[in-house]
Asks: 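Let me begin by handing over the structure; questions about it come next.
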Amino acid sequence: ALLIAGAGVGVWAAQTESGAPTRIVPEARGMTEGDFRADVAGFWALDIAADREDGTEPGTVLRTDPPAGTELAEGGLVTYWVSQGNELKSVPTNLVGLTVEDATVWITGAELTLGEISRQFDEEAPAGVVIEVLTVDPQIPGGDPVDLLVSDGPELRVVPDTLVGATFEEAESQLAVLRLEAVRGEDYDNEVEEGLVIRVDPGPGTELEREAQVTVVVSLGREPVEVPDVTGLDPSEAADRLEALGFCIGDTDGPPNTSVLVTEPRAGTIALYGSCIRIVTTTN
């Protein structure tokens with residue numbers, strides 16, 4: 001009985017000495033901030049602080065001061081730290097100019113992950129090379145993504161439809177603006193004036209890589225054609241044969257119902273396509 005009485009006096013003395021009831025600070029690690037405050041609200045004064053720790057969920061309690069298991073009187077101050085997520089890691093600063101593969105090595109080495117890859121044409125950077133880091137913050141939580149802008153290389157050029165009918169120099173200038181190379185070609189054309197572009201290869205509307213070559217074919221004018229030998233033919237037959245080669249029929253001298261004696265220009269002579277040939281027939 002004396003021992004029990006003595007124990008009771010001891011508890012009473014501890015309570016009266018502190019002036020307030022006490023509670024044990026609970027183990028709060030892993031609790032949400034809301035759950036922790038609901039558990040202890042009204043008994044202690046609370047102060048919040050922020051910290052980071054790898055592997056913890058943002059918004060959960062990391063620790064308290066006093067620590068869990070401490071007996072603390074009502075009205076005492078408990079400071080609790082809330083996780084902001086993983087510790088901050090520095091985003092590598094040397095990613096621009098690297099291939100995506102090499103940039104990924106640096107990103108994972110910094111304990112971060114490769115994020116979204118956006119692409120755009122770039123006149124200077126080769127295809128597949130990083131041209132900008134889209135993640136703005138110099139430090140981000142470990143494991144977070146780093147977004148990159150990657151070059152698709154120079155934009156494709158479209159062969160213009162304004163080259164045919166221009167001079168070679170004009171066509172060359174148009175292509176130079178697009179950073180395409182004009183290669184001169186020549187061919188006879190019976191319709192297009194000498195010195196003007198007949199056609200281009202590849203044709204208008206074709207998409208090409210920068211610095212690609214475009215063959216620009218320039219007219220040499222009307223095609224030279226050898227005058228055939230139509231001696232002895234009926235004048236109408238001779239005319240058909242000459243017209244089939246692109247000549248026009250000029251005057252016919254001599255009787256119409258006889259054979260061809262000669263042509264002007266003469267057989268074997270080179271004349272331009274479309275030239276008129278004079279037929280002379282034999283006399284009776």
Asks: Within the 4.5 Å heavy-atom criterion, are Thr60 and Met31 side-chain neighbours or not?
Replies: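 Result no, sub-4.5 Å side-chain heavy-atom pair not found.
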Asks: Between Leu46 and Leu62, is there a shared hydrophobic cluster once you connect ILVMFWY residues whose side-chain heavy atoms come closer than 4.5 Å?
Replies: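 Leu46 does not cluster with Leu62.
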Asks: Any side-chain to backbone donor/acceptor pair from Arg52 onto Gln84? Under 3.5 Å, distance only.
Replies: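 Side chain of Arg52 to backbone of Gln84, a donor-acceptor pair under 3.5 Å: yes, one is there.
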Asks: Val230 and Ile279: side chain to side chain contact (heavy atoms under 4.5 Å, CB included), yes or no, with the steps?
Replies: CA-CA 9 Å; Val230 292; Ile279 296 175; 5.7 Å; no
Asks: Please name the residue in the list Leu134, Ile131, Leu114 that meets the side-chain contact (heavy atoms from CB on, under 4.5 Å) test with Leu148.
Replies: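 Among Leu134, Ile131, Leu114, the one that satisfies the side-chain contact (heavy atoms from CB on, under 4.5 Å) with Leu148 is Leu114.
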Asks: Can you measure from CD1 (Ile117) to OG1 (Thr104) and round to the nearest 0.5 angstrom?
Replies: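 So the CD1 of Ile117 and the OG1 of Thr104 are separated by 6.5 Å.
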Asks: Specify the closest pair of heavy atoms between Trp81 and Asp51, including all atoms of both residues, with the distance to one decimal.
Replies: CD1-CB, 4.0 Å
Asks: Should the heavy atoms of other residues, nucleotides or ligands under 6.0 Å from CD of Glu264 be counted, would the total exceed 12?
Replies: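 More than 12 within 6.0 Å, yes.
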Asks: Following the transitive rule for hydrophobic clusters with a side-chain heavy-atom cut-off under 4.5 Å over Ile, Leu, Val, Met, Phe, Trp and Tyr, establish whether Val129 and Ile107 coincide in one cluster.
Replies: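 Different hydrophobic clusters.
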Asks: Holding to side chain to side chain donor-acceptor pair (under 3.5 Å), I want the full list of residues that pass it with Asp229, two or more places apart in sequence or in another chain.
Replies: Thr231
Asks: Strictly distance-based, threshold 3.5 Å: is any side-chain N or O of Asp147 a donor or acceptor partner for the main-chain N or O of Glu116?
Replies: yes
Asks: Identify the two heavy atoms, one from Glu226 and one from Gly268, that lie closest to each other, and give their separation to 0.1 Å.
Replies: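 That would be OE2-CA, 3.5 Å.
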Asks: With a sphere of 6.0 Å drawn around CH2 of Trp106, does it hold more than 12 non-hydrogen atoms of other residues, nucleotides or ligands?
Replies: no
Asks: Specify the closest pair of heavy atoms between Pro228 and Ala267, including all atoms of both residues, with the distance to one decimal.
Replies: O-CB, 3.7 Å
Asks: Nearest 0.5 Å please: distance from the CG atom of Asp189 over to the CD atom of Glu194.
Replies: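 Here the interatomic distance stands at 11.5 Å.
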Asks: Rounded to the nearest 0.5 Å, how far does CG of Leu149 lie from CD of Glu132?
Replies: 5.5 Å
Asks: Is a donor on one side and an acceptor on the other found under 3.5 Å between the side chain of Gln213 and the backbone of Thr215?
Replies: no
Asks: Is the number of heavy atoms from other residues, nucleotides or ligands within 6.0 Å of CD (Glu123) greater than 12?
Replies: yes
Asks: Quick one, Asp47 and Asp65 - any side-chain contact, counting heavy atoms below 4.5 Å?
Replies: no
Asks: Using a 3.5 Å distance criterion without hydrogens, assess whether the side chain of Ser151 forms a donor-acceptor pair with backbone atoms of Ala125.
Replies: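 Confirmed, Ser151 side chain pairs with Ala125 backbone.
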Asks: So for atom OH, which belongs to Tyr188, do other residues, nucleotides or ligands contribute more than 12 heavy atoms lying within a distance under 6.0 Å?
Replies: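 For Tyr188, atom OH is not crowded (no more than 12 foreign heavy atoms under 6.0 Å).
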Asks: Any non-hydrogen side-chain atom of Thr167 less than 4.5 Å from a side-chain atom of Leu196?
Replies: yes
Asks: With no hydrogens and no angle check, is any side-chain donor or acceptor of Arg278 less than 3.5 Å from a backbone partner on Thr263?
Replies: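 Checked: no pair found.
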Asks: So which heavy atom on Val217 is nearest to which on Glu186, and how close?
Replies: CG1-C, 4.0 Å
Asks: Are Thr70 and Thr64 close enough that some pair of their side-chain heavy atoms sits under 4.5 Å apart?
Replies: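 No, their side chains stay 4.5 Å or more apart.
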Asks: How close do Val227 and Ala271 get, counting heavy atoms only, and between which atoms?
Replies: CG2-CB, 4.1 Å
Asks: Donor-acceptor pair, distance only, cut-off 3.5 Å: does the side chain of Thr113 make one with the backbone of Gly143?
Replies: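 Present.
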Asks: Can you see which heavy atom on Trp44 is nearest to which on Pro26, and at what distance?
Replies: CZ3-CD, 3.9 Å
Asks: With hydrophobic residues grouped by side-chain heavy-atom distances under 4.5 Å, do Val262 and Ile277 end up in a single group?
Replies: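 Val262 does not cluster with Ile277.
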Asks: Can I get a per-line list of side-chain donor-acceptor pairs under 3.5 Å for residues 86-97, giving both atom names and the distance, sequence neighbours left out?
Replies:
unit_1: Asn86; atom_1: OD1; unit_2: Gly55; atom_2: N; d: 2.8
unit_1: Asn86; atom_1: ND2; unit_2: Gly142; atom_2: O; d: 2.7
unit_1: Ser90; atom_1: OG; unit_2: Gln139; atom_2: NE2; d: 3.3

Asks: Measuring from Glu223:CD to Ile270:CD1, what's the distance to the nearest 0.5 Å?
Replies: 10.0 Å
Asks: Test side chain to side chain contact (heavy atoms under 4.5 Å, CB included) on Thr206 and Val200; report intermediate values, then the result.
Replies: CA-CA 10 Å; Thr206 304; Val200 292; over 6 Å; no
Asks: If you draw a 6.0 Å radius around CD in Glu191, do more than 12 non-hydrogen atoms from other residues or ligands fall strictly inside?
Replies: no
Asks: May I ask you to check whether over 12 heavy atoms, not counting those of Arg266, lie within 6.0 Å of atom CZ?
Replies: no
Asks: In terms of hydrophobic clustering (I, L, V, M, F, W, Y; side-chain heavy atoms under 4.5 Å; direct or indirect links), are Leu233 and Leu245 co-clustered?
Replies: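 They do share one cluster, since a chain of ILVMFWY contacts under 4.5 Å joins Leu233 to Leu245.
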Asks: Rounded at 0.5 Å granularity, tell me how far OG in Ser83 sits from CD in Glu33.
Replies: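 Between Ser83 OG and Glu33 CD, I get 11.5 Å after rounding to 0.5 Å.
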Asks: Heavy-atom distance under 4.5 Å between the side chains of Leu112 and Thr135, does that happen here?
Replies: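 Side-chain contact under 4.5 Å: no.
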Asks: Let me check something: do Tyr273 and Val192 share a hydrophobic cluster, defined by ILVMFWY side-chain heavy atoms less than 4.5 Å apart, either directly or through other members?
Replies: no
Asks: Under a 3.5 Å distance rule, please check whether Arg157 uses its side chain to pair with a backbone N or O of Leu178 as donor and acceptor.
Replies: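 Confirmed, Arg157 side chain pairs with Leu178 backbone.
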Asks: Of all residues at least two apart in sequence or in a different chain, which pass the ring-ring contact (aromatic ring centres under 6.0 Å, His included) check with Phe36?
Replies: Tyr80
Asks: Distance from Cys276 atom SG to Ile249 atom CD1, nearest 0.5 Å?
Replies: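 Cys276 atom SG to Ile249 atom CD1 measures 8.0 Å (nearest 0.5 Å).
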Asks: When you look at Arg29 and Glu53, which way does the salt bridge (Lys or Arg N to Asp or Glu O under 4.0 Å) test go after all the steps?
Replies: CA-CA 12 Å; Arg29 182 177 176 84; Glu53 184 179 319; 2.5 Å; yes
Asks: Show the numbers, then the answer: is there a side chain to side chain contact (heavy atoms under 4.5 Å, CB included) between Val40 and Val78?
Replies: CA-CA 10 Å; Val40 302; Val78 176; over 6 Å; no
Asks: Using atom types as modelled and distance alone, determine if a side-chain donor or acceptor of Thr281 lies under 3.5 Å from a backbone N or O of Thr258.
Replies: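 Here the side-chain-to-backbone pair does not exist.
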Asks: Quick one, Arg179 with Glu211, criterion side chain to side chain contact (heavy atoms under 4.5 Å, CB included). Give me CA distance, side-chain angles, the key distance, then yes/no.
Replies: CA-CA 6 Å; Arg179 296 183 68 175; Glu211 314 299 345; 3.2 Å; yes
